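Read through the structure below, which is laid out as structure tokens, and then see the notes.
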Amino acid sequence: MLSLEFIRKNPDAVRRAAQLKGEPAPVDEILRLDGVWRGHLHKAETTKAEQNELSKQFAKSRDESLKERLRQMADTAKSELAVADAVKRELDDLLLRVPNVFHESVPVGESEAENVVVREWGSKPDLGFAARTHYDLGEALGILDFERAVKIAGSRFAFLVGEGARLERALVQFMLDVHTREHGYTEVWSPLLVNSAAMTGTANLPKFADQLFKVEGRDLWLIPTAEVPVTNYHREEILDADQMPIKYVCYAPSWRTEAGAAGKDTRGFIRLHQFSKVELVKVTTAETSLDEFERLTRDAEDILQRLGLHYNVMLMCTGDMGFAQYKKYDLNAWAPGLDRYLEVSSCSTFNDFQAMRANIRYRPERGAPPRFAHTINGSGLALTRTIDAIIETYQRSDGMIAVPEALKPYMGGVELIGAR
RNA sequence: GGGGAGGUGGCUGAGUGGUCGAAAGCACCCGCCUGCUAAGCGGGUAGGGGGUGUAAAGCUCCCUCGAGGGUUCGAAUCCCUCCCUUCCCGCCA
């Protein structure tokens, strides 16, 4: 969230950022309630101060004639505070609904059409024959099964079978190994159900409740990304600056309702209610967050390069970047069969927006007052669509799929999927 | 699931109605002392919010002893609800 203080001092900047993001922002209502809140709070606190003073006198003198005044003061302080608290709750709720501002390097734009490709790696492969889609190939090879998933769970679910499931496991191992051994991340295994406080910390609540699966009758939600539990790992903590940046990598399944995506990507292994992801999360100081964000993006890109997949890096424009993000890159891998790019990673930095919600702070130096940390995350990578890109990029004219060099050590001797 | 114990500052741990945001110890910081280090001596060290201030500093007030309610002029201390930790029993991958 943005702090009340920041909104007080920069109401126009907040309004402008929200408008360019295409998000509503109740700035006027916040400023109004802020005045009301402070009025009642001030009254409550001054009354309380008088009461405390007189109460001390009473403790000494036991002068019963003071009691009636004390009682009145207590009543006044209590009722004023009750009003102040009620207004503050309303205010806090509105604050959670104000979108983040964005970095000056973010292009202004309304839709994905105004996103900017900042770099590309590799080129579209020339297969020498008509490329088939991953779902066509996958079903033919028996490594992807959508029909049976419908029977078990419904649409937007899938089974990976045999060498398909093995491919997913190989990718997970490969990515975790690279990020832990070469990029310096600490591996984390986390709860896959989290409470509302955690969801609020990463800004999935209150605005995006309809995107989440909820456990009936309990304050537990299925995570839409490991970003939620891992970022919240340090909630309510004050960290030491010298232990930062903190870097975690976490493999976890993710669940999303895909509300609002009806009819979109219904075909194929692209947009599912459940998918796997290796997630990168950093908690950094204010000074280093932009650099660390660039590095995290490169760490994710490194996986694509090692897999030999053509991709681009796209800088999201204001209208396409989202409520909480301060700056965001998407990594899009080329899928020759689909003849389009697939978003395999989304890397974002949040400034102190999430840290403020989750109350993650650090002490810049010994004895200094705590500051809010900066949080960063990105997929490194999403498994589902990476598998699509691999299948379509490494397909052969005979319908079999070559295993990328980097994955061979993880495939238990399988070098060609479909050969058996 | 049943029963017992317990949640206090960075840590350990006192504190059962007022003078307690909180003894003491540890840790850490600043001085002094000292060939150097250690020891010793003195001082300091929680977080949040409001007001004032151009701002920083400062001053001042309020809140916070797991969370939320309640009793009381006054609550870390009494009462209620919830959460969590731990031990014993039961169950279980």
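Please read these numbers as outputs of a predicted model, since none were measured by experiment. By convention in this document, chain letters (A, B, ...) are assigned in the order of the sequence lines, proteins followed by strands, and residues within each chain are numbered from 1.
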What's the [atom1]-[atom2] distance between [X] and [N], to the nearest Å?
X	N	atom1	atom2	answer
A:Glu50	B:C62	CD	P	10 Å
A:Lys88	B:G48	NZ	P	14 Å
A:Gln57	B:C73	CD	C1'	12 Å
A:Met356	B:G48	CE	C1'	13 Å
A:Lys56	B:G74	NZ	C1'	11 Å
A:Leu66	B:G74	CG	C1'	13 Å
A:Asp75	B:U71	CG	P	10 Å
A:Glu53	B:C73	CD	P	19 Å

_Side-chain touch A:Gln51/A:Leu54, heavy atoms, less than 4.5 angstrom_ = no
*Could you pull out all residues at least two apart from A:His103 that satisfy ring-ring contact (aromatic ring centres under 6.0 Å, His included)?*
A:Tyr326
Please work out if [X] contacts a base, only the sugar-phosphate, or nothing of the nucleic acid, heavy-atom cut-off 4.0 Å.
X	result
A:Lys78	sugar-phosphate
A:Gln51	sugar-phosphate
A:Lys67	base
A:Arg371	nothing

Rounded [atom1] spacing from [N] to [M] in Å:
N	M	atom1	answer
B:C92	B:G4	C1'	23 Å
B:G17	B:C91	C1'	45 Å
B:G44	B:G10	C1'	15 Å
B:U77	B:U64	C1'	16 Å
B:U85	B:G74	P	35 Å
B:A24	B:A46	P	14 Å
B:G21	B:G15	C1'	13 Å
B:A23	B:U81	P	33 Å

*Between A:Trp37 and A:Ala44, just flag the one whose closest nucleotide in RNA chain B comes earlier from the 5' side.*
A:Trp37
_RNA chain B: 5'-proximal contact among A:Arg38 and A:Phe58 (nearest heavy atom)_ = A:Arg38
*Please state whether the phosphate of B:C62, meaning OP1 or OP2, lies under 4.0 angstrom from any side-chain nitrogen or oxygen of A:Asn52.*
yes
*Counting just side-chain N and O atoms, does A:Arg363 come under 4.0 Å of either OP1 or OP2 of B:G47?*
yes
If [N] has a Watson-Crick or G-U wobble mate with both distances under 3.5 Å, name it; if not, just say none.
N	result
B:U52	B:G58
B:G1	B:C89
B:G35	none
B:G6	B:C84

*Pair A:Tyr362-A:His374, side-chain donor/acceptor within less than 3.5 Å*: no
*Could you tell me whether the side chains of A:His42 and A:Glu45 share a donor-acceptor contact shorter than 3.5 Å?*
no
How are the rings of [X] and [Y] set to each other: parallel, tilted or perpendicular (split at 30° and 60°)?
X	Y	answer
A:His183	A:Tyr185	perpendicular
A:Trp334	A:Tyr341	perpendicular
A:Phe293	A:Tyr329	parallel

*Between B:C62, B:G18, B:G49, spot the one nearest the side chain of A:Ala59, thanks.*
B:G18
*With the side chain of A:Arg361 defined as its heavy atoms from C-beta on, choose the nearest nucleotide among B:C63, B:G48, B:C73.*
B:G48
*What's the spacing between A:Asp291 CG and A:Thr349 OG1 if we round to 0.5 Å?*
10.5 Å
*Determine whether any donor atom in the side chain of A:Ser55 lies under 3.5 Å from an acceptor atom in the base of B:G18, or the reverse, and answer yes or no.*
yes
*Would you kindly check whether a donor in the side chain of A:Arg62 faces an acceptor in the base of B:G18, or vice versa, at under 3.5 angstrom?*
yes
*Criterion salt bridge (charged side-chain N to carboxylate O under 4.0 Å, His left out) on A:Glu80 and A:Lys43, from CA distance to verdict*: CA-CA 7 Å; A:Glu80 285 294 327; A:Lys43 175 73 174 161; over 6 Å; no
*Is a side-chain N or O of A:Asn100 found less than 3.5 angstrom from the main chain of A:Phe350, in a donor-acceptor match?*
yes
*Among residues 229-239 of chain A, which contact RNA chain B at a heavy-atom distance under 4.0 Å?*
none
